[in-house]
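Because the structure is predicted, anything quoted here is derived from the model rather than measured.
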Amino acid sequence: MKRLTFRQVLKVVNSYLVFFLTVGFAVSCCMTLFLNVLASSMGLVFDTDNIAVAAKLTFGNVLLITFLFGTADYIRRKITVDRPVRQITQAAEKIMKGDFSTRVPPIHGAGTEGFNQIGEAVNQMAEELGSVETLRTDFIANVSHEMKTPLTVMQNYGTLLQDPDLTEEKRIAYAKGVTDAARRMADMMTNILKLNRLENQQIYPEISEFDLGEQLCQCLLQYEDVWEKAQIEIETDIAEDVTIKADAELLSHVWNNLFSNAFKFTPSGGKVTVSLTATDRHAIVKVADTGCGMSAEVGAHIFEKFYQGDTSHSVRGNGLGLALVKRVIDIMQGEIGVESAVGKGSAFTVKIRRN
């Protein structure tokens with residue numbers, strides 16, 4: 001049995017004294033009033049012996065009532081206060097140690113509504129912390145996995161470049177392999193930093209009014225060499241004089257990512273279509289391709305960080321582009337959706353508020 005500390009004993013004694021004084025005062029007042037009324041109505045006179053007996057009986061009653069009240073209050077506190085506090089404290093201690101699966105069980109009984117509210121808040125906190133921990137673990141695992149591939153490529157090509165009998169043609173090819181792998185790592189780090197700043201609200205939109213159609217054309221022309229080399233047909237249907245109020249630099253990341261993906265997954269001889277329409281309140285951009293497309297299962301996850309539908313990594317990428325796109329669209333208070341079918345291509349639709 002756990003021994004009581006001096007402080008706990010002092011607390012019990014103090015509680016008893018408070019009850020004793022309260023009950024003593026109440027009983028004394030009641031007895032005095034009762035005796036005065038009785039004496040005046042019946043003409044009784046109390047002598048010293050009568051008063052002494054009454055005082056002793058009153059004191060005994062006060063002691064008994066105080067004991068009963070104190071015991072009842074102690075039991076009430078144990079059930080309605082100490083037990084819920086202990087359950088919440090134990091759960092909080094486990095959460096502090098990293099066990100985010102811990103939950104505070106429902107607390108039943110009169111007067112426990114406040115404790116249940118605290119328990120629900122603690123459970124919600126544990127759930128949020130568990131989600132953050134899962135994301136952190138997944139993030140570290142994904143970054144490690146994504147960095148491993150280019151590092152291995154760089155290591156292998158670096159080893160091959162040490163061969164003194166290497167031909168000039170192979171040396172250039174191997175050096176290009178190292179450069180491409182280094183560029184892939186640099187792109188991934190850049191996207192991670194951008195996404196981190198966006199998610200932590202360290203980037204604040206700089207709102208300005210600009211012509212969205214003009215911006216789309218400028219972004220699209222950056223890929224002219226890509227579509228000409230791959231012999232991809234370009235079809236545009238861009239409405240004129242569609243102005244919006246938004247952050248032009250952030251939106252350029254959206255269009256560049258969507259165009260890059262469209263050309264990346266569209267085979268030679270395919271087609272990429274870009275359209276812009278507008279209503280009084282929204283501008284609607286659609287980027288469609290005739291590429292490999294994707295299943296509904298893949299489409300449900302493409303805006304998640306590091307998610308790649310092409311698990312073979314045969315297509316260059318790091319699974320951060322569309323996560324970045326989604327975050328920017330959210331900041332702009334817009335909407336983005338995708339329609340796709342395997343072997344038939346994909347179509348991304350972005351809706352941006354005009355003002």
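Between D225 and K229 there is no salt bridge, since none of the side-chain N atoms of the basic residue sits less than 4.0 Å from a carboxylate O of the acidic one.
Once rounded to the nearest 0.5 Å, the distance linking CZ of R83 with CD1 of I88 reads 10.5 Å. The OG1 atom of T290 sits 8.0 Å away from the CD1 atom of I232 when rounded to the nearest 0.5 Å. The distance from atom CZ of R353 to atom CD1 of I244, rounded to the nearest 0.5 Å, is 11.5 Å. For the atom pair L258 CG and C219 SG, the distance stands at 10.0 Å (nearest 0.5 Å). Taking CD of Q215 as the start and CG of L276 as the end, the distance is 10.5 Å to the nearest 0.5 Å. Remark: Y157 OH to D180 CG distance equals 8.5 Å, nearest 0.5 Å.
With D330 as the partner, the side chain to side chain donor-acceptor pair (under 3.5 Å) test is satisfied by one option alone out of R327, Q333, K326: K326. Of the listed residues (H282, R281, K286), just one forms a side-chain contact (heavy atoms from CB on, under 4.5 Å) with K351, and that residue is H282.
No side-chain heavy atom of V325 sits under 4.5 Å from any side-chain heavy atom of H253. Contact check for W255 versus V350: side-chain heavy atoms found under the 4.5 Å cut-off. Using a 4.5 Å heavy-atom threshold, the side chains of N116 and V104 count as separate. You'll find the side chain of V342 stays beyond 4.5 Å of the side chain of M294, heavy atoms only. Between L160 and L166 there is no side-chain heavy-atom pair separated by less than 4.5 Å. Residues K271 and D289 fail the side-chain proximity criterion, which asks for heavy atoms closer than 4.5 Å. With contacts defined as side-chain heavy-atom distances shorter than 4.5 Å, the pair T273/T236 does not qualify. Looking at heavy atoms from C-beta onward, F348 lies in side-chain contact with L322 at the 4.5 angstrom threshold.
The nearest pair of heavy atoms linking G213 to I238 is CA-CG2, 3.6 Å. L216 and F259 make their closest contact through O-CE1, 3.8 Å (heavy atoms, listed as atom of the first residue, atom of the second, distance).
Residue-environment remark: CD (Q222) exceeds the threshold of 12 foreign heavy atoms within 6.0 Å. For E224, the CD atom sits in a packed shell: over 12 heavy atoms of surrounding residues, nucleotides or ligands are nearer than 6.0 Å. More than 12 heavy atoms of other residues, nucleotides or ligands lie within 6.0 Å of CD in E228, so this atom counts as buried by the packing criterion.
Linking ILVMFWY residues whenever their side-chain heavy atoms come closer than 4.5 Å, directly or via other members, leaves I207 and V242 in distinct clusters. Follow the hydrophobic side-chain contacts under 4.5 Å out from F210 and you reach L220 in the same cluster. Clustering ILVMFWY residues whenever any of their side-chain heavy atoms sit less than 4.5 angstrom apart, transitively, puts L251 in a cluster other than the one holding I284. Tracing side-chain contacts under 4.5 Å through hydrophobic residues (I, L, V, M, F, W, Y), one never reaches I172 starting from V178; they form parts of separate clusters.
The main-chain N or O of E249 is found under 3.5 Å from a side-chain atom of S252 such that the two form a donor-acceptor pair.
Scored by the salt bridge (charged side-chain N to carboxylate O under 4.0 Å, His left out) test, D163 finds no partners at all (sequence neighbours excluded).
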Please set out all donor-acceptor pairs under 3.5 angstrom arising from side-chain atoms of residues 92-99, sequence neighbours excluded.
residue : atom : partner : partner atom : Å
D99     : OD1  : S101    : N            : 3.3
D99     : OD1  : S101    : OG           : 2.6
D99     : OD2  : T102    : OG1          : 3.0

